[in-house]
Amino acid sequence: MRAYRVYAIEKGTVIDHIPAGKALKVVEILKLDQFNKIVTVGMNLESKKLVRKDIVKIENKNLSKQELNKIALIAPKVTINIIKNHKVDEKFKIEIPDFMENLVICPNPNCISRNEPTSSKFYKTKEKPLTLKCHYCEKGFKDFKLK
Amino acid sequence: MLAFLGFGKNQRFFPKHLNLVYVFRFMTMGKQPSFLSRDIISVNELSKKDIIRILDVAKIMEKNKKPLLNGKVLATLFFEPSTRTRLSFESSMNKLGGKVIGFRNPNVTSFKKGETLWDAINVIEGYSDVIVIRHPMEGAARLASEAAEVPVINAGDGANQHPTQTLLDLYTIKKSQGKITGLKVAIAGDLKYGRTVHSLAHALGLFNCELFFVSPKSLKMPDYIKDDLKEKQIKFSEHEKVSVVIDEADILYATRIQKERFPDPTEYEKVKNAYVIDSSLLKKVKKNLKIMHPLPRVNEIDISIDESGYAYFFEQAHNGIPVRKAILSLVLGKIK
Ligand SMILES: [Zn+2]
């Protein structure tokens, strides 16, 4: 029996084990609503690892490193499946990188990165709770907005 | 390391003609941090070794008469006014034979027309060998250092950092006590918003000082500073009255409590006098106690203290000269 009732794709990327309720956030940060290919979203599916999980399948798309980093920031435990010819060609976990460029907006309105045309830069200083430190204003943040 | 190099049993493996003292001196020389072309942006990226080196060179600078920076140009870019810091940098550069260009009022420059800091720095670096920048936004000095090939020194970026102030504070402590390691330092006033006290607490942590934080409840030292100190196993304690800790302290570092920090002015009225240092507090203090203040003071330190022998804030301000001379000479490679 198939684990979930979301139909299989021929070629593309499956983002699996998204914590329940975060699928739409993943769609939003990847701007998949503006993507003109087929995107399937499954929510509150049963999972062995999580009580409930979400899943996002994107046809004919490979995610860039930057896109994977974005996903890691909102849902660090997801599994990425690369599908080719209806089969899983590659499967891996993603991690929050130690250094992030142009991924997060500095929450400090008086930070130079908010006031000059420069890319933001952040370091991961703590995993739990996730704390990012701004390269410019040197402040640490637990809440942040993605660019 | 020493044992390996020829103390004790290994001595006989060591070539006779090599003088151990000489070798040891050579080793420590090689380990000295290089400051050539280095940006001085944040105390957080200075190691204990870096700090010791800067303070040692500052001591040399007190007696230096050589025009070490002859032919060099310093650009002082003050995007917000800070007369004392600017004069201190300019005086240091002049005393070392260098020249100073710059501005103290961004309103008359192209920044008002919307030029980015990035572009401005790229232009100005062509006119100078070293840049000192003061800017109202946090991270501005870091960005300037990324735009410039020449070394950039942060003279204050918003509420973030002012590393030369911290270094002159450390130099002052060392000069007045003969050492920094192991001292008991009381830091009083606005500990929540004061960037000076944040950087100072961090730096004193590197020297294993015991810290007393004295502030009103609403202006306590932020958690991230305290967490950092806990991680380094630095002893510290929090208090609401200077009188509780002053008898134990080697240094009392007083800072201003600003009225604007209190949403309720009656709250300010209640606490403001609790942080005034006057001679009644000094009856049982240690003989070596020195009272510091980054200045300007308003009423935190009563003028009766000035003649007490404990006052040290004017010396502290003057120490800005040797410390800034040292930093300029080091980043320009004139002292190696
Ligand atoms: Zn920032």
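The sequence lines fix the lettering, A, B, ..., with proteins before strands; numbering per chain opens at 1.
There is no contact between A:P109 and chain B, counting heavy-atom distances below 4.5 Å.
Smallest separation of non-hydrogen atoms from B:N160 and A:Y136: ND2-O, 3.8 Å.
More than 12 heavy-atom neighbours from other residues, nucleotides or ligands sit within 6.0 angstrom of NZ on B:K232. Heavy-atom contacts from other residues, nucleotides or ligands closer than 6.0 Å to NZ of A:K147 number more than 12. Remark: B:K226 NZ is packed, more than 12 non-hydrogen atoms of other residues, nucleotides or ligands lying under 6.0 Å away. More than 12 heavy atoms of other shown residues, nucleotides or ligands fall within 6.0 angstrom of atom NZ in A:K93. No more than 12 heavy atoms of other residues, nucleotides or ligands shown are found within 6.0 angstrom of CD on A:E95. In this structure, A:K25 places its NZ atom where only 12 or fewer heavy-atom neighbours from other residues, nucleotides or ligands lie under 6.0 Å away.
From B:R142, atom CZ reaches atom CD1 of A:I112 across 13.0 Å, with rounding to the nearest 0.5 Å. Taking NZ of A:K126 as the reference point, atom CG of B:D227 lies at 6.0 Å (rounded to 0.5 Å). From B:L143, atom CG reaches atom NZ of A:K121 across 7.5 Å, with rounding to the nearest 0.5 Å.
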**Message:** Test side-chain contact (heavy atoms from CB on, under 4.5 Å) on A:R114 and B:E138; report intermediate values, then the result.
**Reply:** CA-CA 10 Å; A:R114 294 271 302 264; B:E138 287 101 56; over 6 Å; no
**Request:** Under the side-chain contact (heavy atoms from CB on, under 4.5 Å) rule, what do B:M137 and A:C111 come out as? Steps first, then yes or no, please.
**Result:** CA-CA 6 Å; B:M137 277 171 200; A:C111 177; over 6 Å; no
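The side-chain heavy atoms of B:E146 and A:H135, taken from C-beta on, include a pair separated by under 4.5 Å.
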